[in-house]
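To find a chain, count down the sequence lines: A is the first, B the second, and so on, and within it residues start at 1.
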Amino acid sequence: MALAVAALFSWNKARRYRRPGHGRPHMDRTLIKYALTNIPAGQAVTVAGWIRTTRHSKGGFSFLTINDGSCMASIQAVADGKLANYADELVHLSAGSSVVVTGALAESPAKGQTVEIQASEVRVLGASDAATYPIQPKRHSFEYLRTQAHLRPRTNTFGAVARVRSALSFAVHEFFQQRGFLYVHTPIITTSDCEGAGELFRVTAMDLADLPRDPAGNVDGEQDFFGRPTFLTVSGQLEGETYACALGNIYTFGPTFRAENSNTPRHLAEFWMVEPEMAFCDLAGDADLAEEFLKFLFRVVLERCGDDMKFFNDRIDKTVIETLEHVTDSPFERITYTEAIDILAAADRSWDYPPRWGADLQTEHERFLAEETFAKPVVITDYPAQIKPFYMRLSDDGKTAAAMDVIVPRIGEIIGGAQREERLDVLEAQMKAQNMAPDDYWWYLDLRRYGTVPHAGFGLGFERTVQFITGMVNIRDVIAYPRTPRSADF
RNA sequence: UCCCCGAUAGCUCAAUUGGUAGAGCGAGCGGCUGUUAACCGCUAGGUUCUAGGUUCAAGUCCUAGUCGGGGAGCCA
């Protein structure tokens, strides 16, 4: 009976604390973002978090600035010297310590905040040694914070990045779900090793110290776990196409792996990609979706991440809010590759790589178009077929493919997409021209054998989107634990 | 992978022509204060990335490597 009563009590308690504004059921705490905005002065609250800074007054009280990650702002607690643990514990508190503070919300008499907590109790959960805590209350370089990736989310910048990234992830699903797209989980482990999207990571369960060999002396993939060589996916596109060609509109959102030895502020070996695929859709419809999608994401962060965006605008890049508002309000520029070449050739400036029809656009070309010529996102379509992968639809001119890149200022390519080749004979010819074995893609070709339809899709680099939105310069600082060549710490 | 730059106190950086290793912040202690980038004073803190080399003498010059940054390529 006593057990039943206790269970009922804790059930009620849990239910109560699942209201918005409250945290985990087993601890009665108010998120700081609600304490700062939604709760009237005079009401008692309990907040829990990590101390950012302390200011101890010899007058017999201390100011504790506490952050719990629920929002950009911290809340100030005033701890009076009369508290039982004041002399023993509280005057020794420093940055990084975890505390639970209970007290009445009060209008703050001083500048810097509108409300503060007059603490009636400050419970120290975990002290933090100020002499060795790696996150000092001062400015740190991003390079240094990368070496402290487990603690950097406690800083303003990385807390804001995490909140924006989360809001964006939700918005990705919101955008597609509202439009009836199905979320498809495409495989992480794949067997196709020539999708043309980059070098692959090998997946194996073989003993690397004692590799099985075939009679010719080569490593025998048939003796591996799957009975054939396997890799981490470089794209869910081909599998995505199969679901689009059954269910209409689909999207994927998951991790992607490229073993390229790329050392730039825009590349990761493990990154997240959003890949919608639409049946009964052509290149123009693909570009429409890309534009609508990006604008939706930008609008969401402007509306829902105001404090975080203000921080990025103040401290990281003074143009990000203006840029997002401008981009949201105006149509993307749309030009063909051929038009782009003409613009570049006519530009009054010198090029390290002179623009030439048939050659891929260089970074300097894309930046010129997105930053100087148009100063907004640019959709470039209809690239020469020979510089694009086999699956892109060959246009009637026989020279160009129905390809599409979206480039944005500062980041460059953020989306790459295409209308897919739906004609079996043309697709097979393209594969052979690129030294691919059509038999390896029998299932992909089946889509063209049985009820083929025009379809199109694209891939959005999720981290590059976060970079564009936040102004963060290095892609390693918009993902929790970046994986890059020679670097997979944590 | 290629080109350029860098590595000095816990962090961010100085150090003249090759000639005794410095500051700010942070930390500790003290003072002061409804403070909030707090302020004032004192103290501690160094194998100058690693391994070689040149030199009477190397943080500084040379070689190689490691790591980091920027640019390029590859791409999202």
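Nucleotides B:C5 and B:A9 place their P atoms 23 Å apart, quoted to the nearest Å. Between the C1' atoms of B:A38 and B:C32, the separation comes to 11 Å (whole Å). If you take atom C1' in B:G41 and the same atom in B:U55, they sit 45 Å apart, rounded to whole Å. Distance noted for atom C1' between B:G30 and B:A23: 23 Å (whole Å). Taking the C1' atom of each, B:U66 and B:A21 are spaced 25 Å apart, rounded to whole Å. One C1' atom belongs to B:U20, the other to B:U60, and the distance between them is 15 Å to the nearest Å.
A donor-acceptor pair shorter than 3.5 Å cannot be found between the side chains of A:Gln362 and A:Glu366. With 3.5 Å as the limit, one finds no donor-acceptor pair spanning the side chains of A:Ser120 and A:Thr102.
To the nearest angstrom, C1' of B:C75 lies 14 Å from CD of A:Gln237. Atom CG of A:Leu460 is separated from atom C1' of B:C75 by 13 Å (rounded to the nearest Å).
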> Between A:Phe170 and A:Phe175, does a side chain to side chain contact (heavy atoms under 4.5 Å, CB included) hold up when you go through it step by step?
Replying inline: CA-CA 9 Å; A:Phe170 183 74; A:Phe175 176 84; over 6 Å; no
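Per the stacking criterion (ring centres < 5.5 Å, plane angle < 30°), A:Phe61 does not stack onto the base of B:G34.
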Expected rows: protein N/O vs nucleotides 3-10 of chain B N/O, under 3.5 Å:
from: B:G10; atom 1: N2; to: A:Gln136; atom 2: OE1; distance (Å): 2.7
from: B:G10; atom 1: N3; to: A:Gln136; atom 2: NE2; distance (Å): 3.0

With 3.5 Å as the limit, what N/O pairs link the protein to nucleotides 37-47 of chain B?
none

For nucleotides 71-73 of chain B, list the nitrogen or oxygen atoms of the protein found under 3.5 Å from its nitrogen or oxygen atoms, one pair per line.
from: B:G73; atom 1: OP1; to: A:Gln362; atom 2: OE1; distance (Å): 2.5
from: B:G73; atom 1: OP1; to: A:Thr363; atom 2: N; distance (Å): 3.3
from: B:G73; atom 1: OP2; to: A:Thr363; atom 2: OG1; distance (Å): 2.6
from: B:G73; atom 1: N2; to: A:Asn261; atom 2: O; distance (Å): 3.1

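A distance below 6.0 Å separates the ring centres of A:Tyr251 and A:Tyr183. The ring of A:Phe293 has its center closer than 6.0 angstrom to the ring center of A:Phe176.
The nearest heavy atom of RNA chain B to A:Glu366 and to A:Ser141 marks one nucleotide each, and the one closer to the 5' end goes with A:Ser141. Comparing A:Ser94 and A:Arg476 along RNA chain B, the residue whose closest nucleotide (by nearest heavy atom) sits nearer the 5' end is A:Ser94.
Annotation: salt bridge (charged side-chain N to carboxylate O under 4.0 Å, His left out) contacts involving residues 76-85 of chain A, sequence neighbours excluded, comprise A:Asp80-A:Lys82. Residue pairs that meet the salt bridge (charged side-chain N to carboxylate O under 4.0 Å, His left out) test with at least one member in residues 262-279 of chain A, sequence neighbours left out, are A:Glu277-A:Arg420. Note on residues 479-490 of chain A: no pairs pass side chain to side chain donor-acceptor pair (under 3.5 Å), not counting sequence neighbours. Pairs of residues two or more places apart, or lying in two chains, that qualify as side chain to side chain donor-acceptor pair (under 3.5 Å) and include a residue from residues 88-100 of chain A are A:Asn85-A:Glu89.
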>> Just to be sure I follow the notation: if a pair is Watson-Crick (purine N1 to pyrimidine N3 plus N6-O4 or O6-N4) or a G-U wobble (N1-O2 and O6-N3), each under 3.5 Å, what dot-bracket string does RNA chain B give, with | for pairs to another strand?
In response: (((((((..((((.....[..)))).(((((.......))))).....(((((..]....))))))))))))....
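Side-chain N/O atoms of A:Arg146 include one lying less than 4.0 angstrom from OP1 or OP2 on B:G69.
Closest approach to the A:Val473 side chain among B:G70, B:A27, B:C75 is made by B:G70 (side chain taken as heavy atoms from C-beta onward). Nearest to the side chain of A:Arg486, among B:C67, B:U35, B:C11, sits B:C67.
Remark: A:Tyr144 pairs with A:His140 by the ring pair (Phe, Tyr, Trp, His ring centres under 6.0 Å) rule, at least two apart or across chains. Annotation: ring pair (Phe, Tyr, Trp, His ring centres under 6.0 Å) contacts of A:His326 (sequence neighbours excluded): none. Here A:Tyr444 pairs with nothing under the ring pair (Phe, Tyr, Trp, His ring centres under 6.0 Å) rule; sequence neighbours left out. Applying the side chain to side chain donor-acceptor pair (under 3.5 Å) rule to A:Trp357 yields the partners A:Thr338; only residues at least two apart in sequence or on another chain are considered.
When heavy atoms are screened at a 4.0 angstrom cut-off, A:Gln467 is found touching no nucleic acid atom at all. At a threshold of 4.0 angstrom between heavy atoms, the contacts of A:Glu275 with the nucleic acid are absent.
Considering all non-hydrogen atoms of both residues, A:Val320 and A:Phe468 come closest at CG1-O, 4.3 Å.
A:Arg349 forms a cation-pi arrangement with A:Trp351, by the criterion of a distance under 6.0 Å to the ring centre and an angle within 45° of the ring axis.
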